[in-house]
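Just below is one structure, and these are the notes that go with it.
Letters A, B, ... are given to chains in the order of the sequence lines, protein chains preceding strands, and every chain is numbered from 1.
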Number of protein chains: 2
Amino acid sequence: MARASDKLIEQLKQEIFSGLLKPGDQLEEADLAVRFNVSRTPIREAIRSLVDNGLLETRSRKGAIVRVLNAKELNDLFEVAAELEGMACRLASERLTQSNKKIIKASLDLCQAAAQVEDIPGYAEANLAFHAAIHEASENDWLTDQLSQIQARINVYRLMPYEIVGRLEKSLVEHQKISEAIFAKDGLSANSLMRDHMMLQGARLPSLLRALV
Amino acid sequence: MARASDKLIEQLKQEIFSGLLKPGDQLEEADLAVRFNVSRTPIREAIRSLVDNGLLETRSRKGAIVRVLNAKELNDLFEVAAELEGMACRLASERLTQSNKKIIKASLDLCQAAAQVEDIPGYAEANLAFHAAIHEASENDWLTDQLSQIQARINVYRLMPYEIVGRLEKSLVEHQKISEAIFAKDGLSANSLMRDHMMLQGARLPSLLRALV
DNA sequence: ATTAATTTATATGGATACATATGGCAACTA
DNA sequence: TAGTTGCCATATGTATCCATATAAATTAAT
């Protein structure tokens, strides 16, 4: 039997990622208890967990709010994300198996299909699949965990992904180059290509931040 | 006023790091409530937090136990630690301020002093200070947080650090080279020197694991 | 009229009471 | 004697209750 708090964590994450709960929104325990038809205890545990996860923050006696990252924090986050994504590419190059290669190729095809018809949400999904495929191929579970946590954090700030015209095409080409480097077991290139790819996204942050304010 | 659960988290961490609570040990909520003279509620929140942190793990209805990392998990952890430590060195090279330089130098002196008299616990402490100084110098708060969490995890498995004779000297020399690279703003060298330094420690893990079993 | 202080309301933090699932032990049967 | 079943004990999971701190509102004083 799943614990109520575990389900709550998932639900609240969904609401945050979907944008239903926006950065700065306050979460009141009593309200949530009514909404989800449980007592305050599991609500509190869920909030606690999300605070540890970094999605919420609390001030003493002032409850939890959806965490707002300022420009520096987002930049720091992106720097680490870029480094770890690059690392995943390097490891994937060194450890690539046939089955992982197939999965990466499949996700790359998804990216291509979505880019061709300019399906923005479709590309966003395929993009995540592509990155996830590389994470898996790194064969480092700790790294994979860290990256999925970071992804989650970043996605909150990606409510309008790829809205810039033409970015889809460029992103796809970068993905293809990264894949080629991995398949050629050229870890060094794969690493730096991915880091550049990530940093380009990071460079788009300032405009994204402005759009949020 | 600090929350009871926050203090508990620190205390439990201490007990885990100090080896008082060994991997595999069970934590019973009622016991802990009596020991720390609080109710089960803050105990549960603390446990919850440590589970999210990865220090404990729970099985349904079976409570929390101190998490045991197997060889692969430890290896994965070290790989990520090495990469991020290297990244910190690179960033420190790029962003070094005079004040950070002083702090790094000071911690390096501590290392030297401890190494000269073969003060093993002293060196362990100075070592942490050295790494922390570099983390700070990276000017990336997210990275610093991640590294301190990873440090915490690794330290559990470092109950007998530097017991290998001669390792102190070698470690010190590596520290000196890393510092020189950072001071020379040679990010590339600093990065790889630190990664090698970390990986050497990781290579000692198998014997460490054997000692634990 | 504006500001400061006091009071009141409300939400969080902690304690306790209650429910339920799991594991062990014992008894009974084959 | 060994295995299975059922009961009981114990620890986790959930609900509710109480205390306290913070914030808001109202009143009084300048």
What integer distance in Å separates B/Glu28:CD from D/dT10:C1'? 9 Å
Stretch residues 34-55 of chain B: residues that reach within less than 4.0 Å of DNA chain C through a heavy atom: B/Val38, B/Ser39, B/Arg40, B/Thr41, B/Pro42
For a quick check of understanding: with a heavy-atom distance under 4.0 Å over all strands, which category does B/Leu27 fall into, base, sugar-phosphate or nothing? sugar-phosphate
Provide, to the nearest angstrom, the distance between the CZ atom belonging to B/Arg3 and the C1' atom belonging to C/dT12. 10 Å
Using whole Å, what does the distance between atom P of nucleotide D/dG13 and atom NZ of A/Lys7 come to? 14 Å
In whole angstrom, give the distance that lies between atom CG of B/Asp6 and atom P of C/dT12. 16 Å
For A/Arg61 and D/dT22, is the shortest distance between a side-chain N/O and OP1 or OP2 below 4.0 Å? no
Please check if the side chain of B/Asp25 supplies one atom and the backbone of B/Lys22 the other of a donor-acceptor pair under 3.5 Å. yes
CA sep, side-chain torsions, deciding dist, call: B/Glu85, B/His135, side chain to side chain donor-acceptor pair (under 3.5 Å): CA-CA 8 Å; B/Glu85 290 277 0; B/His135 302 170; 3.0 Å; yes
Look only at the side chain of B/Asn53 and the backbone of B/Leu55, and say whether a donor-acceptor pair between them is shorter than 3.5 Å. no
Separation of atom CG in A/Leu8 from atom C1' in D/dT14, rounded to whole Å: 12 Å
Between B/Glu79 and A/Arg95, does at least one N-O distance fall below 4.0 Å, as a salt bridge requires? yes
Between P of C/dT16 and CD of B/Glu29, the distance in whole Å: 15 Å
From A/Lys62, A/Arg67, A/Arg48, residue fulfilling salt bridge (charged side-chain N to carboxylate O under 4.0 Å, His left out) relative to A/Glu57: A/Arg67
What I want to find out is whether B/Asp76 reaches B/Lys72 closely enough, with some N-O distance under 4.0 Å, to be called a salt bridge. yes
Tell me which nucleotide among C/dG14, C/dT12, D/dT14 gets nearest to the side chain of A/Gln26. C/dT12
Could you tell me whether the side chain of B/Glu10 and the main chain of B/Lys7 form a donor-acceptor pair under 3.5 Å? no
Measuring to OP1 and OP2 of D/dA23, would you say a side-chain N or O of A/Lys62 lies under 4.0 angstrom away? yes
Value in whole Å for how far the C1' atom of D/dT22 lies from CZ of A/Arg59: 13 Å
